[in-house]
Amino acid sequence: MAGLAQCQREAEEVTELMKQNFAKALEREGRLSDLDSRAQELRAMGETFTRSTRAVARQQRVGHRRWQLALGGAVAVGLLLLVAIALGLGLAPRGSPAPPGPGPAPPATGSPPTPP
C-alpha cells in the first residue's frame, strides 16, 4: 500500500505541476496576444507616418520648385531689361554737333582796355 500511496502523491504533484504549467501557458498566450495587437498598432502607425512624410516631402519639393521658377523668372526679366537698356543706349541717335557760333573768344591781352 505504501507504493500505491507514493504513486498517488507523485501523480498529484505531477497534476499540480501540469496545472501550473497550463496556467503559465495561458498567461503567456495573453501576453503574446497583447504584444501582437501592439505590434499591429505600431505597424499601422508606421504606415501612417510613412504616408505623411511622403506627403510633406512632396509639398516641400513643390514649394522649392516654385521658388526656383520664381527666381529664374526674376533673373530672366532682369536680364531682358539689361539687354533692352543696352540695346536702347546703343541704338539711340547721338546728339547733333554744336551749331556754329561766333567762334572762340579772342585771347585776352595783358593791358587793360583804354578808354576812348
Side-chain angles (χ1 to χ4, degrees):
M1 285 249 193
L4 182 61
Q6 182 180 1
C7 281
Q8 198 162 11
R9 273 195 320 264
E10 287 177 2
E12 288 174 5
E13 287 176 11
V14 168
T15 303
E16 187 62 33
L17 283 173
M18 289 178 68
K19 287 180 182 177
Q20 290 174 359
N21 287 341
F22 186 72
K24 288 178 184 178
L26 288 176
E27 184 179 324
R28 283 188 203 115
E29 183 182 340
R31 284 187 277 176
L32 284 174
S33 69
D34 288 345
L35 285 174
D36 187 41
S37 64
R38 286 173 54 190
Q40 288 176 355
E41 290 173 8
L42 286 173
R43 190 176 306 118
M45 289 170 54
E47 289 171 359
T48 302
F49 178 76
T50 301
R51 280 193 303 271
S52 64
T53 55
R54 285 180 182 158
V56 167
R58 187 175 348 106
Q59 288 173 351
Q60 289 292 321
R61 282 192 303 270
V62 168
H64 287 162
R65 178 64 64 194
R66 284 182 186 155
W67 277 108
Q68 288 173 345
L69 290 174
L71 183 61
V75 167
V77 167
L79 287 174
L80 285 174
L81 285 174
L82 284 175
V83 168
I85 290 171
L87 288 175
L89 291 177
L91 297 177
R94 304 275 176 186
S96 61
T109 60
S111 62
T114 56

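One-based numbering along the sequence shown.
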Exercise for review: Any chance you could lay out the salt bridge (charged side-chain N to carboxylate O under 4.0 Å, His left out) test for Glu27 and Arg31, step after step, and finish with the verdict?
Suggested key: CA-CA 6 Å; Glu27 184 179 324; Arg31 284 187 277 176; 3.5 Å; yes

Review point. When rounded to the nearest 0.5 angstrom, what distance separates CD in Glu12 from NZ in Lys19?
Key: 9.5 Å

Point to revise | Neighbour count >12 (heavy atoms, 6.0 Å) for atom CD, Gln8 | key: no

Exercise for review: Working to the nearest 0.5 Å, report the span between CD of Glu16 and CG of Asn21.
Suggested key: 10.5 Å

Point to revise | From Ser33 atom OG to Arg28 atom CZ, the distance as rounded to the nearest 0.5 Å | key: 14.0 Å

**Study point:** Qualifying side chain to side chain donor-acceptor pair (under 3.5 Å) pairs, either residue in residues 57-66, two or more places apart
**Key:** Arg65-Gln68

Review point. If you round to the nearest 0.5 Å, how far is CZ of Arg38 from CG of Asp36?
Key: 11.5 Å

Point to revise | Nearest-0.5 Å distance, CG of residue Leu42 to CD of residue Glu47 | key: 11.5 Å

Check your understanding: Does CD belonging to Glu29 count more than 12 external heavy atoms closer than 6.0 Å?
Key -> no

Point to revise | Approximate separation, where rounding is to 0.5 Å, of Leu87 CG and Leu82 CG | key: 11.0 Å

